[in-house]
Amino acid sequence: MAFARLLLVLFALLAALPGRAAPQAPPLKPLTVYFFDVGQGDAALIVSPTGKTVLIDGGPPEADEALVPRLRQLVQGPIDLVIMTHPHLDHLGGLVKIIQAVGARRFMDPGFNHPSESYRKLLDVVGQKVGQVMTPTPNPGSPETLLTVGLGEGVTLTILWPRTPRDAFLDDTRSDVNANSIVAKLTYGKTSFLFTGDAEPETEAFLLTRPIDFTSTVLKVAHHGGKHSSTAPFLAAVKPQAAVISCGSGNDYGHPTPEALQRLGDVGARVFRTDLQGEVLAVSNGTTVTLTPKKGRSAPVVVTGRTTSPVAKGPMPSGASGATRGKVVQASGKLPAASARASGARYVGLKGSEVFHSEDCRALERAKTQERTVYKDRASAMRERRPAKDCDP
């Protein structure tokens, strides 16, 4: 008994010695998001702790000259997943050369029909170069489950919208193409990023009816800071601590607008703008996100995460692993059926404007000037002007 008591005393003394504290869990590897400066457009690269890469949009055509070498610096081998949030030129314009030069294993788009030549060309290249093409279609066996892409080390990318055929595409909006942008939430530990494409107010209103936790550490602001998106109710649900606006210096649209900046300020978000600060680097350690702008003298900003789940009710949906769940189709390079507007429609340009609209565009009804040029076909309009973003004729 005496010997046993002696052993107990020795163990107690050893436990009390300095330097014998319980080993600490190793810090999480970083998750990195690059918000590229592509002018008036969008492009962001996710690099997970395990090296998985996701490119969300590819900026306008003029951005590819700088974006291709930048991606070659950051990506080893083909990009694991390329997401085109919606088929507008300022989001897809650089993707052709990116896919040709850097490569991509999988490609996802919303599956929304759109009869543009730039989209047709992109689909042709995707059909030739990419192994899998996806749309964010829910699993038929679990239609309420959100599509989730696992990126390793607990990092998940959950597609919140669209969800056809479970939920029909939004229509009769300011821009149906924008309204059906892919909206995705990237989650790592207590931190998260919300990517919104060019989501419209109708998109935000519909999403708010769903049992989803939108709380996000960093918000990629919709539609380059346009005045209609980033509504007050949506921002109240997202509660962003930082917001990144991707827009071009001196752009023709006045982005970001005072209205959007005011609403972001009202929720206390620290705003980063690529037109003023260039590329924005965001690094998450699972607890905090450090945002560092490339231009100017702005010091890095550290914000603290406070959410872990993209769903407010019930368990985290398992969805897909490795971007394999959802509707996977053969990449044929064929353009989906064109909308009715493509045939027999006329196009209109306003005096003093460099863009043209479809004849039924609501912007024409709001225009102050009645002096306009009517084109009998799209080719004639393209020779003198560029397509307007609000209706993307």
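Computed from a prediction, not measured in an experiment: that's the story for all the values here.
Looking at N285 and Y188, their side chains never bring a donor and an acceptor atom within 3.5 Å of each other. If you check the side chains of E204 and T231, you find a donor sitting under 3.5 Å from an acceptor. Neither side chain, N139 nor S142, offers a donor N or O lying under 3.5 Å from an acceptor on the other. No donor-acceptor contact under 3.5 angstrom links the side chains of D124 and Q128, judged on distance only. D275 and H255 share no side-chain donor-acceptor pair at under 3.5 Å.
The structure places OG1 of T196 at 13.5 Å from NZ of K185, a figure rounded to the nearest 0.5 Å.
Using a distance-only test at 3.5 Å, with no hydrogens or angles considered, no donor-acceptor pair links the side chain of T156 to the main chain of T158. Of the possible polar contacts, one joining the R263 side chain to the S229 backbone as a donor-acceptor pair under 3.5 Å is found. A donor-acceptor pair under 3.5 Å is formed between the side chain of Q277 and the backbone N or O of R273. Between the side chain of T274 and the main chain of C247, a donor-acceptor pair closer than 3.5 Å is present. Side-chain atoms of S175 come within 3.5 Å of backbone atoms of N178 as a donor-acceptor pair (strictly under, hydrogens ignored). Here the side chain of S246 pairs a donor or acceptor atom with the backbone of G41 at under 3.5 angstrom.
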Intermediate values then yes/no, ring-ring contact (aromatic ring centres under 6.0 Å, His included), F272 and F35: CA-CA 10 Å; F272 295 80; F35 296 95; 9.1 Å; no

Worked verdict on V280 versus V33 for side-chain contact (heavy atoms from CB on, under 4.5 Å): CA-CA 8 Å; V280 178; V33 181; over 6 Å; no

Chi angles and distances behind the side-chain contact (heavy atoms from CB on, under 4.5 Å) call for I98, V96: CA-CA 5 Å; I98 289 169; V96 166; over 6 Å; no

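In terms of the salt bridge (charged side-chain N to carboxylate O under 4.0 Å, His left out) criterion, residue partners of R166 (sequence neighbours excluded) are, by chain and number, E144.
Residue-environment remark: NZ (K239) exceeds the threshold of 12 foreign heavy atoms within 6.0 Å. The 12-atom threshold is not exceeded at CZ of R270, counting heavy atoms of other residues, nucleotides or ligands nearer than 6.0 Å.
Under the side chain to side chain contact (heavy atoms under 4.5 Å, CB included) rule, P162 has a single partner from I182, T203, D167, which is I182. Partner S181 forms a side-chain hydrogen bond (donor to acceptor under 3.5 Å, both in side chains) with one of H86, H223, E200 and no other, that one being H86.
Taking 4.0 Å as the cut-off between side-chain N and carboxylate O, E279 and K295 do not count as a salt-bridged pair.
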Less than 3.5 Å apart, which donor and acceptor atoms pair up between the side chains of residues 46-61 and the rest of the protein, not counting sequence neighbours?
from : atom 1 : to   : atom 2 : distance (Å)
S48  : OG     : T50  : N      : 3.3
S48  : OG     : T50  : OG1    : 3.0
S48  : OG     : G51  : N      : 3.4
S48  : OG     : K52  : N      : 3.0
S48  : OG     : L151 : O      : 2.9
T50  : OG1    : L151 : O      : 2.9
T53  : OG1    : D80  : N      : 3.1
T53  : OG1    : D80  : OD2    : 3.3
D57  : OD1    : T85  : N      : 2.8
D57  : OD1    : T85  : OG1    : 3.2
D57  : OD2    : T85  : OG1    : 2.8
D57  : OD2    : H91  : ND1    : 2.7

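F107 approaches L123 most closely through the heavy-atom pair CE2-CD2, 4.5 Å.
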